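Remarks on the structure that follows.
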There are 2 protein chains.
Amino acid sequence: MEITNSPGGLTTEFFTFAENGGFNLLCGRSIGPVTLAYETYGTLNSEKNNAVLILHALSGDAHAAGCNDTTGKNPGWWDGYIGPGKPFDTDKYFFICSNVIGGCSGSTGPASINPETGKQWGMDFPIVTIEDMVRAQYHLVKYLGIEKLLAVAGGSMGGMQALQWSITFPEMINSCICIAASASLSAQGIAFNEVGRQAIINDPNWNHGNYYDSKFPGAGLSLARMIGHITYMSEKHMHERFGRNFQSDNMSKKNMDSEFSIESYLHYQGVKFVDRFDANSYIYITRAIDYFDLNDNGRGRLTEAFEKAKANFLIISFNTDWLYPTAEAKKVVQALRITGKNVNFNEIDTENGHDAFLLPNKTLEKNISSFLKNEFKKSTGK
Amino acid sequence: MEITNSPGGLTTEFFTFAENGGFNLLCGRSIGPVTLAYETYGTLNSEKNNAVLILHALSGDAHAAGCNDTTGKNPGWWDGYIGPGKPFDTDKYFFICSNVIGGCSGSTGPASINPETGKQWGMDFPIVTIEDMVRAQYHLVKYLGIEKLLAVAGGSMGGMQALQWSITFPEMINSCICIAASASLSAQGIAFNEVGRQAIINDPNWNHGNYYDSKFPGAGLSLARMIGHITYMSEKHMHERFGRNFQSDNMSKKNMDSEFSIESYLHYQGVKFVDRFDANSYIYITRAIDYFDLNDNGRGRLTEAFEKAKANFLIISFNTDWLYPTAEAKKVVQALRITGKNVNFNEIDTENGHDAFLLPNKTLEKNISSFLKNEFKKSTGK
């Protein structure tokens with residue numbers, strides 16, 4: 001099988017699998033068959049040693065690069081980083097990106113049909129974890145004929161998946177690129193996820209998750225996204241970009257609708273999100289992020305978690321990221337170093353907060369491209 | 001008139017006033033007569049020079065100290081600081097605290113009757129500002145026979161009111177105690193206020209503010225409060241108090257209801273708030289906070305704003321307060337120093353974040369009591 005796909009005019013593909021009839025989840029339930037939507041970019045070489053698995057964040061999907069329609073208006077969420085000559089260079093490497101299990105962009109999730117009832121799962125969908133997402137991706141990688149990935153790479157929840165890959169399938173990856181993530185989310189991060197979920201649950205259209213045949217809980221999902229966006233930006237960036245500017249400047253013209261620029265921006269982001277995301281998936285995926293904990297909820301030690309890991313690591317944090325602060329990334333780095341792993345760590349200066357991994361950043365670009373080049377050289381001798 | 005009230009068994013009083021038939025608001029509209037609910041503690045001396053006006057924050061009310069019912073279970077919001085022998089010592093000074101205009105605890109606000117329609121104002125209530133709150137308090141102070149206050153004092157929105165007092169009525173205050181506040185709210189702060197308002201607006205019971213004869217938008221108000229609470233706590237305090245503890249620890253028992261401790265805490269705070277606060281007041285008061293800007297929205301300079309101020313200042317910030325960070329307090333301090341004011345500034349080390357002004361804090365207690373003692377001595381010679 002030769003697999004070739006280049007950014008531009010590509011299509012999303014679908015891979016369906018089952019383990020003994022169903023896919024066994026960490027919660028003890030089994031579902032299946034499971035479908036993963038995925039895209040690939042670049043060409044898998046004959047040695048099959050140039051494959052990189054790209055892992056998306058909370059609101060991402062399989063469409064990481066290029067345009068998957070003819071309009072040319074819908075670039076992938078990491079298009080700035082994946083493409084010919086880009087840090088994730090499609091001229092050299094082969095990239096796979098799949099929508100996570102629990103997602104809503106082609107992969108099996110709460111909006112999928114429950115084969116037992118013939119209706120959408122809704123909140124009957126089982127709880128999924130970061131480990132479940134990774135174990136599903138494993139089947140896709142195997143299906144594509146790849147025995148060992150050159151790298152796994154992602155930011156935010158994608159970074160959590162990358163760390164999980166290094167632990168669950170240590171033999172299957174050469175290297176791990178983890179950006180703006182940590183070994184577990186902070187209590188504050190859980191709190192923000194919870195108020196986002198509550199915004200959805202409060203929407204009367206949510207109806208305990210049974211809204212697929214009626215009105216969509218758009219107001220709730222939009223508000224959840226607005227809350228999330230505040231946490232993705234640094235206070236400084238928000239100040240510099242929006243300041244305290246209003247639309248109407250005269251006190252006598254002010255009313256409850258007159259908005260500061262930051263409010264308009266958040267509303268715009270919220271409304272835009274509703275067009276492309278499922279409210280139940282938002283609940284399931286934020287829960288997966290909350291539950292992720294390589295410290296085994298305080299019982300274990302991070303060093304134990306990484307004991308079996310074999311990959312080389314590139315760990316990146318951003319100095320203005322207050323959702324996944326550098327201090328958390330450093331805990332990962334320290335545990336990796338104690339367990340004797342090869343780790344490159346860089347805290348990048350930026351004003352863009354957590355969002356920085358999605359935005360143009362010369363340092364991040366250089367870090368990725370040189371790490372990947374080096375890893376390819378080390379693992380292939382080329 | 002001798003005014004005496006001691007904490008314990010006190011009652012909330014009501015003062016009603018009008019300016020030429022109505023109270024003129026900054027937005028250009030006039031309402032009236034206006035009622036302010038207030039409480040007093042301690043005894044106004046015969047020289048009437050020991051009066052301190054206490055200014056409450058977003059969710060506060062006139063009940064700042066003692067118990068205003070017979071149960072003894074309802075202490076005032078600043079009871080730790082106001083009382084016999086406490087930093088705001090009722091054995092020496094006389095304290096006044098009134099619920100702000102726009103509030104919902106006895107003062108005129110959106111839940112009050114609009115005399116023109118005989119119905120509750122709801123969202124027809126005019127926009128109120130911090131300056132309007134202060135100008136309404138002025139009438140109360142005058143009514144109580146006080147020509148000059150020993151001090152005005154408050155935290156958060158109370159601190160904004162304190163700063164506004166120093167500018168609007170420079171001759172009427174000896175000193176100004178401003179805690180955990182700034183000359184304007186940041187874009188990030190506005191963003192948090194906006195998602196809180198949106199949570200209320202999304203509640204179908206809100207009904208454009210017309211809910212007084214039907215169901216209360218409790219879910220929305222509760223969520224707004226939950227969002228607010230995240231911003232009042234430091235990440236560190238949240239981590240140390242709640243960590244990542246769950247109620248159920250076994251993955252197979254997890255479901256969407258199983259909650260981390262931080263989630264239970266926030267839900268509890270949200271539900272508790274709904275019992276005592278009006279949803280429309282939350283919208284109006286957060287807007288007043290958003291609009292407050294002594295920099296005149298970037299057109300003016302803070303030094304110009306404070307030019308006329310005559311008070312001596314005590315400015316306090318908390319090192320873990322990320323809603324009103326020390327850097328913002330320092331801008332106020334700098335402007336006051338440039339304009340030649342007498343300023344005491346202290347950044348207090350605490351893990352309690354913005355909430356610290358409401359919690360026991362020895363340093364804050366000492367700062368307040370010695371500042372007040374000194375101000376009383378300077379202004380009275382006693």
Side-chain angles (χ1 to χ4, degrees), chain A residues 26-29 123 127 129 184-188 190-192 194-195 197-199 201-204 219-220 222-223 226-227 229-230 233-235 238-239 241-246 249 251-256 259-263 265-267 270 283-284 287 290-291 293 295 297-298 322 325, chain B residues 26-29 123 127 129 184-188 190-192 194-195 197-199 201-204 219-220 222-223 226-227 229-230 233-235 238-239 241-246 249 251-256 259-263 265-267 270 283-284 287 290-291 293 295 297-298 322 325:
Chain A
L26 205 65
C27 68
R29 289 173 65 187
M123 296 303 287
I127 285 188
T129 63
S184 64
L185 187 62
S186 66
Q188 190 183 65
I190 294 171
F192 279 118
E194 175 60 11
V195 292
R197 285 188 292 268
Q198 199 60 47
I201 289 168
N202 279 359
D203 189 321
S222 171
L223 179 53
M226 290 169 72
I227 295 167
H229 255 285
I230 300 176
M233 295 173 80
S234 73
E235 196 283 324
M238 214 182 249
H239 172 75
R241 183 158 169 197
F242 304 104
R244 292 184 42 86
N245 304 324
F246 324 103
D249 210 355
M251 185 52 73
S252 68
K253 285 187 188 154
K254 282 196 186 108
N255 60 55
M256 289 300 153
E259 288 176 334
F260 289 90
S261 305
I262 179 60
E263 296 173 295
Y265 172 79
L266 291 177
H267 279 277
I283 293 174
Y284 276 87
R287 263 297 182 221
D290 291 354
Y291 286 143
D293 192 347
N295 303 290
N297 296 308
W322 55 281
Chain B
L26 205 64
C27 67
R29 288 174 65 187
M123 296 302 287
I127 285 187
T129 63
S184 63
L185 187 62
S186 67
Q188 191 182 66
I190 293 171
F192 280 118
E194 175 59 10
V195 292
R197 285 187 293 267
Q198 199 59 47
I201 289 167
N202 278 359
D203 189 321
S222 171
L223 179 53
M226 290 169 71
I227 295 166
H229 255 285
I230 302 175
M233 295 174 80
S234 73
E235 196 283 325
M238 215 182 249
H239 173 75
R241 183 156 168 198
F242 303 105
R244 292 182 42 86
N245 305 323
F246 326 101
D249 211 356
M251 184 54 71
S252 68
K253 285 188 188 153
K254 282 196 186 105
N255 60 53
M256 289 300 155
E259 288 177 334
F260 289 91
S261 305
I262 178 62
E263 296 174 295
Y265 171 79
L266 291 177
H267 279 278
I283 293 174
Y284 276 87
R287 264 295 182 221
D290 291 353
Y291 286 142
D293 192 347
N295 303 290
N297 296 308
W322 54 283

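Order of the sequence lines sets the chain letters (A, B, ...), proteins ahead of strands, with each chain counted from 1. For clarity, every value in this text was computed on a predicted model and none was experimentally measured.
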Rounded to the nearest 0.5 Å, what separates atom [atom1] in [X] from atom [atom2] in [Y]?
{"X": "A:Gln198", "Y": "B:Ile227", "atom1": "CD", "atom2": "CD1", "answer": "10.0 Å"}
{"X": "B:Met238", "Y": "A:Ser186", "atom1": "CE", "atom2": "OG", "answer": "8.5 Å"}
{"X": "A:Arg244", "Y": "B:Asn295", "atom1": "CZ", "atom2": "CG", "answer": "8.0 Å"}
{"X": "A:Glu194", "Y": "B:Tyr265", "atom1": "CD", "atom2": "OH", "answer": "15.0 Å"}

The side chain to side chain contact (heavy atoms under 4.5 Å, CB included) partner of A:Gln188 among B:Met233, B:His239, B:Glu235 is B:Glu235
For A:Pro204 and B:Pro204, work out which heavy atoms get closest and say how close.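 Closest pair (atom of A:Pro204, atom of B:Pro204, distance): CG-CG, 3.4 Å.
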So which heavy atom on B:Asn202 is nearest to which on A:Gly220, and how close? ND2-N, 4.2 Å
Please assess A:Val195 against B:Val195 for the test side chain to side chain contact (heavy atoms under 4.5 Å, CB included), listing each intermediate value before the final yes or no. CA-CA 10 Å; A:Val195 292; B:Val195 292; over 6 Å; no
Which portion of A:Ile201 sits near chain B, non-hydrogen atoms under 4.5 angstrom: neither
Measure A:His267 against the heavy atoms of chain B and call it side chain, backbone, both or neither at under 4.5 Å.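 When you check distances to chain B, only side chain atoms of A:His267 fall under 4.5 Å.
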Among B:Ile262, B:Leu185, B:Ile230, B:Asp203, the residue with the most heavy-atom pairs under 4.5 Å to chain A is B:Ile230
Ring-plane angle category for B:Phe192 and A:Phe192, please: parallel below 30°, perpendicular beyond 60°, tilted otherwise. parallel
